[in-house]
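See structure below.
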Amino acid sequence: MFTSIAGRAVVVTGGTRGIGKGIARVFAQSGARVLITGRDEDAAKAAVADLSAAGDVSYLLADVSVRADCARMAAAAVDRLGGIDVLCANAGIFPDARLADMTDEDIDTVLGTNLRGSILSVQACLPALAASGHGRVVLTSSITGPITGFPGWVHYGASKAGQLGFMRTAAIELAADRITINAVLPGNVLTEGLADLGEEYIQSMTASIPLRRLGTVEEIGYAALFLATDEAAYITGQTIVVDGGQVLPESLGALDG
Ligand code: NAP
(Lines give C-alpha, C1' and ligand atoms only; values in the text may rest on other atoms or scores of the structure.)
Protein backbone atom coordinates (compact mmCIF):
# COMPACT_ATOMS: atom_id res chain seq x y z
CA MET A 1 0.00 0.00 0.00
CA PHE A 2 2.82 2.40 0.87
CA THR A 3 5.72 2.88 -1.53
CA SER A 4 8.68 0.84 -0.33
CA ILE A 5 11.51 2.71 1.38
CA ALA A 6 13.90 -0.17 0.68
CA GLY A 7 17.40 1.07 -0.02
CA ARG A 8 16.89 4.50 1.56
CA ALA A 9 19.76 5.81 3.70
CA VAL A 10 18.67 6.45 7.27
CA VAL A 11 20.56 7.95 10.24
CA VAL A 12 19.18 7.38 13.74
CA THR A 13 20.89 9.35 16.53
CA GLY A 14 20.76 7.59 19.88
CA GLY A 15 19.97 4.38 18.00
CA THR A 16 22.04 2.12 20.23
CA ARG A 17 19.21 1.43 22.67
CA GLY A 18 15.66 2.34 23.60
CA ILE A 19 13.39 4.18 21.17
CA GLY A 20 16.20 4.88 18.70
CA LYS A 21 16.98 1.18 18.47
CA GLY A 22 13.28 0.48 17.88
CA ILE A 23 13.21 3.08 15.11
CA ALA A 24 16.35 1.55 13.57
CA ARG A 25 14.80 -1.93 13.70
CA VAL A 26 11.60 -0.81 11.96
CA PHE A 27 13.51 0.97 9.18
CA ALA A 28 15.96 -1.93 8.73
CA GLN A 29 13.07 -4.42 8.54
CA SER A 30 11.59 -2.21 5.81
CA GLY A 31 14.77 -2.60 3.76
CA ALA A 32 16.40 0.74 4.58
CA ARG A 33 20.15 0.96 5.26
CA VAL A 34 20.65 2.38 8.71
CA LEU A 35 23.47 4.15 10.56
CA ILE A 36 22.92 4.37 14.32
CA THR A 37 24.86 6.61 16.71
CA GLY A 38 25.56 6.82 20.42
CA ARG A 39 28.53 7.39 22.72
CA ASP A 40 28.97 3.97 24.33
CA GLU A 41 30.81 1.50 22.11
CA ASP A 42 29.74 -1.66 23.93
CA ALA A 43 26.08 -0.65 23.59
CA ALA A 44 26.60 0.25 19.93
CA LYS A 45 28.24 -3.09 19.13
CA ALA A 46 25.50 -4.99 20.97
CA ALA A 47 22.80 -3.05 19.11
CA VAL A 48 24.33 -3.79 15.70
CA ALA A 49 24.67 -7.47 16.61
CA ASP A 50 21.00 -7.53 17.62
CA LEU A 51 19.72 -5.46 14.69
CA SER A 52 21.72 -7.16 11.97
CA ALA A 53 19.05 -9.88 11.70
CA ALA A 54 16.59 -7.10 10.77
CA GLY A 55 18.73 -5.68 7.98
CA ASP A 56 21.68 -3.44 7.08
CA VAL A 57 22.73 -1.57 10.26
CA SER A 58 26.10 -0.10 11.27
CA TYR A 59 27.18 2.24 14.06
CA LEU A 60 29.28 5.34 14.62
CA LEU A 61 30.29 6.77 17.98
CA ALA A 62 29.23 10.43 18.04
CA ASP A 63 27.92 12.90 20.62
CA VAL A 64 25.02 14.96 19.25
CA SER A 65 25.92 17.91 21.47
CA VAL A 66 29.28 18.29 19.69
CA ARG A 67 29.19 20.00 16.28
CA ALA A 68 32.29 18.15 14.98
CA ASP A 69 30.74 14.80 15.93
CA CYS A 70 27.58 15.67 13.98
CA ALA A 71 29.72 16.58 10.96
CA ARG A 72 31.52 13.22 11.27
CA MET A 73 28.16 11.47 11.49
CA ALA A 74 26.87 13.07 8.29
CA ALA A 75 30.15 12.35 6.48
CA ALA A 76 30.09 8.71 7.60
CA ALA A 77 26.52 8.32 6.35
CA VAL A 78 27.40 9.76 2.95
CA ASP A 79 30.50 7.55 2.80
CA ARG A 80 28.81 4.31 3.89
CA LEU A 81 25.26 4.75 2.60
CA GLY A 82 25.83 7.07 -0.36
CA GLY A 83 23.77 9.90 1.13
CA ILE A 84 21.07 10.63 3.70
CA ASP A 85 17.37 10.29 2.89
CA VAL A 86 16.06 10.23 6.46
CA LEU A 87 17.45 11.65 9.71
CA CYS A 88 15.77 10.49 12.90
CA ALA A 89 17.06 12.99 15.50
CA ASN A 90 16.24 10.89 18.52
CA ALA A 91 19.15 11.06 21.00
CA GLY A 92 18.01 12.44 24.32
CA ILE A 93 18.44 12.26 28.06
CA PHE A 94 16.01 12.75 30.95
CA PRO A 95 17.84 13.20 34.26
CA ASP A 96 15.75 14.38 37.20
CA ALA A 97 16.35 17.80 38.84
CA ARG A 98 13.96 20.08 40.73
CA LEU A 99 13.78 23.70 39.61
CA ALA A 100 14.80 24.99 43.03
CA ASP A 101 18.05 22.99 42.99
CA MET A 102 18.88 23.00 39.29
CA THR A 103 22.49 23.83 38.43
CA ASP A 104 23.88 25.46 35.30
CA GLU A 105 25.32 22.09 34.40
CA ASP A 106 21.91 20.38 34.74
CA ILE A 107 20.35 22.93 32.40
CA ASP A 108 23.19 22.97 29.89
CA THR A 109 23.50 19.17 29.70
CA VAL A 110 19.80 18.58 29.02
CA LEU A 111 19.32 21.50 26.62
CA GLY A 112 22.70 20.77 25.02
CA THR A 113 21.83 17.17 24.25
CA ASN A 114 18.11 17.31 23.55
CA LEU A 115 17.65 20.70 21.88
CA ARG A 116 21.08 21.84 20.67
CA GLY A 117 21.85 18.23 19.72
CA SER A 118 18.72 18.06 17.54
CA ILE A 119 19.61 21.33 15.82
CA LEU A 120 23.26 20.32 15.26
CA SER A 121 22.23 16.91 13.89
CA VAL A 122 19.81 18.45 11.39
CA GLN A 123 22.30 21.16 10.37
CA ALA A 124 25.03 18.61 9.69
CA CYS A 125 22.78 16.44 7.53
CA LEU A 126 21.20 19.28 5.52
CA PRO A 127 23.35 19.11 2.35
CA ALA A 128 22.83 15.34 2.05
CA LEU A 129 19.09 15.61 2.83
CA ALA A 130 18.72 18.29 0.17
CA ALA A 131 20.62 16.15 -2.36
CA SER A 132 18.28 13.24 -1.64
CA GLY A 133 15.33 15.01 -3.27
CA HIS A 134 12.97 13.51 -0.67
CA GLY A 135 14.80 14.33 2.55
CA ARG A 136 12.96 13.62 5.80
CA VAL A 137 13.70 14.64 9.37
CA VAL A 138 11.83 12.98 12.21
CA LEU A 139 12.44 14.41 15.67
CA THR A 140 11.76 12.39 18.82
CA SER A 141 10.12 14.95 21.08
CA SER A 142 7.81 13.93 23.95
CA ILE A 143 4.39 14.59 25.43
CA THR A 144 6.36 16.06 28.38
CA GLY A 145 6.89 19.73 27.62
CA PRO A 146 4.75 20.18 24.49
CA ILE A 147 1.57 18.91 26.21
CA THR A 148 2.16 17.76 29.79
CA GLY A 149 4.45 18.43 32.75
CA PHE A 150 6.11 16.22 35.35
CA PRO A 151 8.02 17.22 38.50
CA GLY A 152 11.78 17.05 38.00
CA TRP A 153 11.65 17.71 34.29
CA VAL A 154 11.42 21.47 33.79
CA HIS A 155 14.64 21.47 31.77
CA TYR A 156 13.62 18.30 29.92
CA GLY A 157 10.15 19.71 29.16
CA ALA A 158 11.71 22.94 27.91
CA SER A 159 14.05 20.99 25.62
CA LYS A 160 11.24 18.88 24.18
CA ALA A 161 8.93 21.88 23.61
CA GLY A 162 11.94 23.73 22.17
CA GLN A 163 12.38 21.00 19.56
CA LEU A 164 8.90 21.83 18.25
CA GLY A 165 9.65 25.56 18.03
CA PHE A 166 12.79 24.69 16.09
CA MET A 167 10.82 22.33 13.85
CA ARG A 168 8.15 24.85 12.85
CA THR A 169 10.58 27.40 11.46
CA ALA A 170 12.94 24.76 10.06
CA ALA A 171 9.97 23.30 8.13
CA ILE A 172 9.55 26.58 6.30
CA GLU A 173 13.27 27.01 5.59
CA LEU A 174 13.77 23.40 4.45
CA ALA A 175 10.70 23.25 2.20
CA ALA A 176 12.68 24.91 -0.59
CA ASP A 177 14.80 21.76 -0.74
CA ARG A 178 11.74 19.49 -0.44
CA ILE A 179 12.86 18.34 2.99
CA THR A 180 10.09 17.72 5.50
CA ILE A 181 10.57 17.84 9.27
CA ASN A 182 8.06 16.42 11.73
CA ALA A 183 8.06 15.14 15.29
CA VAL A 184 6.84 12.06 17.09
CA LEU A 185 5.71 12.72 20.67
CA PRO A 186 5.97 9.48 22.65
CA GLY A 187 4.19 8.99 25.94
CA ASN A 188 5.83 6.50 28.28
CA VAL A 189 7.73 3.89 26.34
CA LEU A 190 9.51 1.01 28.04
CA THR A 191 13.19 1.64 27.31
CA GLU A 192 16.43 1.10 29.19
CA GLY A 193 16.38 4.81 30.09
CA LEU A 194 12.82 4.64 31.41
CA ALA A 195 13.53 1.44 33.36
CA ASP A 196 16.18 3.42 35.27
CA LEU A 197 13.36 5.57 36.72
CA GLY A 198 12.19 2.58 38.79
CA GLU A 199 9.24 0.22 39.14
CA GLU A 200 7.12 2.68 41.14
CA TYR A 201 7.32 5.28 38.33
CA ILE A 202 6.42 2.64 35.72
CA GLN A 203 3.43 1.37 37.75
CA SER A 204 2.06 4.86 38.30
CA MET A 205 2.46 5.79 34.62
CA THR A 206 0.79 2.56 33.47
CA ALA A 207 -2.18 3.36 35.71
CA SER A 208 -2.57 6.79 34.05
CA ILE A 209 -2.68 5.43 30.47
CA PRO A 210 -6.12 4.54 29.02
CA LEU A 211 -4.66 1.60 27.06
CA ARG A 212 -3.15 0.38 30.39
CA ARG A 213 0.32 -0.35 29.14
CA LEU A 214 3.50 1.46 28.21
CA GLY A 215 4.36 1.84 24.54
CA THR A 216 6.91 -0.29 22.74
CA VAL A 217 9.93 1.16 20.97
CA GLU A 218 8.73 -0.27 17.67
CA GLU A 219 5.41 1.60 18.02
CA ILE A 220 7.40 4.85 17.93
CA GLY A 221 9.37 3.43 14.99
CA TYR A 222 6.20 2.83 12.94
CA ALA A 223 5.15 6.48 13.38
CA ALA A 224 8.62 7.61 12.29
CA LEU A 225 8.47 5.24 9.32
CA PHE A 226 5.13 6.67 8.21
CA LEU A 227 6.55 10.21 8.27
CA ALA A 228 9.43 8.98 6.07
CA THR A 229 7.20 7.43 3.38
CA ASP A 230 6.57 9.02 0.00
CA GLU A 231 2.90 9.11 0.98
CA ALA A 232 3.71 11.54 3.85
CA ALA A 233 5.49 13.96 1.50
CA TYR A 234 2.93 16.75 2.08
CA ILE A 235 3.16 16.64 5.90
CA THR A 236 5.68 19.03 7.42
CA GLY A 237 6.07 20.89 10.70
CA GLN A 238 3.57 18.58 12.42
CA THR A 239 3.42 16.27 15.41
CA ILE A 240 2.11 12.75 16.01
CA VAL A 241 1.35 11.80 19.61
CA VAL A 242 1.96 8.09 20.32
CA ASP A 243 0.95 7.66 23.95
CA GLY A 244 -1.87 5.12 24.41
CA GLY A 245 -4.18 8.04 25.19
CA GLN A 246 -2.11 9.23 28.15
CA VAL A 247 -2.77 12.94 27.59
CA LEU A 248 -6.57 12.49 27.38
CA PRO A 249 -8.01 11.91 30.89
CA GLU A 250 -9.20 15.12 32.57
CA SER A 251 -8.99 13.51 36.00
CA LEU A 252 -7.84 10.24 37.61
CA GLY A 253 -11.53 9.33 37.91
CA ALA A 254 -11.87 9.53 34.14
CA LEU A 255 -9.99 6.25 33.94
CA ASP A 256 -12.35 4.38 36.27
CA GLY A 257 -14.68 3.78 33.36
P1 NAP B 1 17.54 5.66 26.38
O2 NAP B 1 17.00 4.27 26.50
O3 NAP B 1 18.28 6.25 27.52
O4 NAP B 1 18.42 5.76 25.04
C5 NAP B 1 19.00 6.99 24.70
C6 NAP B 1 19.85 6.85 23.47
O7 NAP B 1 20.41 8.13 23.16
C8 NAP B 1 21.02 5.91 23.66
O9 NAP B 1 21.33 5.30 22.42
C10 NAP B 1 22.14 6.85 24.07
O11 NAP B 1 23.41 6.28 23.80
C12 NAP B 1 21.84 8.05 23.16
N13 NAP B 1 22.40 9.31 23.62
C14 NAP B 1 22.21 9.94 24.82
N15 NAP B 1 22.92 11.08 24.84
C16 NAP B 1 23.57 11.18 23.65
C17 NAP B 1 24.45 12.12 23.07
N18 NAP B 1 24.84 13.22 23.73
N19 NAP B 1 24.91 11.89 21.83
C20 NAP B 1 24.54 10.78 21.14
N21 NAP B 1 23.71 9.86 21.62
C22 NAP B 1 23.24 10.04 22.87
O23 NAP B 1 16.37 6.72 26.08
P24 NAP B 1 14.94 6.52 25.37
O25 NAP B 1 13.94 6.32 26.43
O26 NAP B 1 15.05 5.56 24.27
O27 NAP B 1 14.75 8.00 24.79
C28 NAP B 1 15.07 8.29 23.44
C29 NAP B 1 14.39 9.59 23.04
O30 NAP B 1 12.99 9.45 23.25
C31 NAP B 1 14.82 10.79 23.85
O32 NAP B 1 14.89 11.92 23.03
C33 NAP B 1 13.70 10.96 24.87
O34 NAP B 1 13.55 12.27 25.30
C35 NAP B 1 12.52 10.51 24.03
N36 NAP B 1 11.37 10.06 24.81
C37 NAP B 1 11.42 8.91 25.54
C38 NAP B 1 10.29 8.50 26.24
C39 NAP B 1 10.23 7.22 27.01
O40 NAP B 1 9.20 6.95 27.62
N41 NAP B 1 11.26 6.39 27.00
C42 NAP B 1 9.13 9.28 26.20
C43 NAP B 1 9.12 10.45 25.46
C44 NAP B 1 10.24 10.83 24.75
P45 NAP B 1 24.73 6.70 24.65
O46 NAP B 1 24.32 6.88 26.08
O47 NAP B 1 25.69 5.58 24.39
O48 NAP B 1 25.20 7.99 24.04
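Remember, it's 1-based here, ligands and their atoms both numbered in the order they're listed.
- With hydrogens left out, the protein atom closest to atom 2 (O) of ligand 1 is Gly193 N, 3.0 Å, a heavy atom.
- Annotation: Ser142 places no N or O atom under 3.5 Å from an N or O atom of ligand 1; distance criterion only.
- Among all non-hydrogen protein atoms, the one lying nearest atom 1 (P) of ligand 1 is Arg17 NE, 3.4 Å.
- Looking only at protein heavy atoms, the nearest one to atom 40 (O) of ligand 1 is Val189 N, 2.7 Å.
- For ligand 1, the atoms lying closer than 4.0 Å to a non-hydrogen atom of Ala62 are 19 (N), 20 (C).
- Checking side-chain atoms of Arg136 against main-chain N and O of Thr229 turns up a donor-acceptor pair under 3.5 Å.
- Those atoms of ligand 1 that come under 4.0 Å of a heavy atom in Ile93, given as number and element, are 14 (C), 15 (N).
- Atom numbering of ligand 1 starts at 1 in the shown order; those under 4.0 Å from a heavy atom of Asn90 are 28 (C), 29 (C), 30 (O), 31 (C), 32 (O).
- Every atom of ligand 1 with a heavy atom of Thr113 under 4.0 Å away is listed here by number and element: 15 (N), 18 (N).
- For atom 6 (C) of ligand 1, the closest heavy atom belonging to the protein is Gly14 O, 3.6 Å.
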List the atom pairs, with distances to 0.1 Å, where a side-chain N or O of residues 28-38 and a protein N or O form a donor-acceptor pair under 3.5 Å, not counting sequence neighbours.
{"residue": "Ser30", "atom": "OG", "partner": "Val26", "partner atom": "O", "Å": "2.8"}
{"residue": "Arg33", "atom": "NE", "partner": "Gly7", "partner atom": "O", "Å": "3.1"}
{"residue": "Arg33", "atom": "NH1", "partner": "Leu81", "partner atom": "O", "Å": "3.0"}
{"residue": "Arg33", "atom": "NH2", "partner": "Gly7", "partner atom": "O", "Å": "2.9"}
{"residue": "Arg33", "atom": "NH2", "partner": "Leu81", "partner atom": "O", "Å": "3.0"}
{"residue": "Thr37", "atom": "OG1", "partner": "Gly14", "partner atom": "N", "Å": "3.3"}

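- Note: no N/O pair closer than 3.5 Å links Thr37 and ligand 1 by distance alone.
- Checked against a 3.5 angstrom limit, the closest N/O atoms of Arg39 and ligand 1 fall inside it.
- The residue among Gly92, Ser141, Cys70, Gly20 with a heavy atom at the shortest distance from atom 44 (C) of ligand 1 is Ser141.
- Side-chain atoms of Gln246 do not come within 3.5 Å of backbone N or O of Gly187 as any donor-acceptor pair.
- Of the polar atoms of Ser65, none of the N or O atoms is found under 3.5 Å from an N or O of ligand 1, judged by distance alone.
- Remark: the backbone N or O of Val110 is not paired with any side-chain donor or acceptor of Thr113 at under 3.5 angstrom.
- Looking from atom 13 (N) of ligand 1 to the surrounding protein, the closest heavy atom is Ala91 CB, 4.0 Å.
- Set against the non-hydrogen atoms of Asn188, the atoms of ligand 1 under 4.0 Å away are 40 (O).
- Between atom 42 (C) of ligand 1 and the options Ala24, Gly187, Gly22, the minimum heavy-atom separation is to Gly187.
- Every atom of ligand 1 with a heavy atom of Thr140 under 4.0 Å away is listed here by number and element: 29 (C), 30 (O), 32 (O), 35 (C).
- Side-chain atoms of Asn188 and Tyr201 include a donor-acceptor pair closer than 3.5 Å.
- Counting only heavy atoms of the protein, atom 47 (O) of ligand 1 lies nearest to Asp40 N, 2.8 Å.
- Ligand 1 has an N or O atom lying under 3.5 Å from an N or O atom of Val64, backbone or side chain.
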| After noting the C-alpha distance and the side-chain angles of Glu218 and Lys21, does the key distance pass the salt bridge (charged side-chain N to carboxylate O under 4.0 Å, His left out) rule? | CA-CA 8 Å; Glu218 284 79 15; Lys21 190 172 161 198; over 6 Å; no
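- With sequence neighbours excluded, no residue satisfies salt bridge (Lys or Arg N to Asp or Glu O under 4.0 Å) with Lys160.
- For the pair Asn114 (side chain) and Ser118 (backbone), a donor-acceptor distance under 3.5 Å is absent.
- Checking side-chain atoms of Thr13 against main-chain N and O of Ala91 turns up a donor-acceptor pair under 3.5 Å.
- Regarding atom 36 (N) of ligand 1, its nearest protein heavy-atom neighbour is Tyr156 OH, 3.6 Å.
- When heavy-atom distances to ligand 1 are checked against a 4.0 Å cut-off, Lys160 comes that close only through its side chain, counted from C-beta outward.
- Under 4.0 angstrom from ligand 1, there are no non-hydrogen atoms of Ala44.
- Around the CZ atom of Arg178, the shell of radius 6.0 Å holds no more than 12 heavy atoms that belong to other residues, nucleotides or ligands.
- Taking only nitrogen or oxygen atoms, main chain and side chain alike, Ile19 reaches within less than 3.5 Å of ligand 1.
- Put simply, the side chain of Asp177 never gets that close to the backbone of Ala130: no donor and acceptor are under 3.5 Å apart.
- Near Gly18, meaning under 4.0 Å from one of its heavy atoms, ligand 1 places the atoms 2 (O), 26 (O).
- Environment of CD in Glu200: sparse, with no more than 12 heavy atoms of neighbouring residues, nucleotides or ligands closer than 6.0 Å.
- Of the protein's non-hydrogen atoms, Thr16 OG1, 4.1 Å is the one closest to atom 10 (C) of ligand 1.
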| said: Asp50 vs Arg25, test: salt bridge (charged side-chain N to carboxylate O under 4.0 Å, His left out). Steps then yes/no. | reply: CA-CA 9 Å; Asp50 182 18; Arg25 189 186 304 280; 3.0 Å; yes
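- Side chains of Ser58 and Arg80: a donor on one and an acceptor on the other come within 3.5 Å.
- Side-chain contact of Ser132 with Asp85: a donor-acceptor pair under 3.5 Å is present, judged by distance alone.
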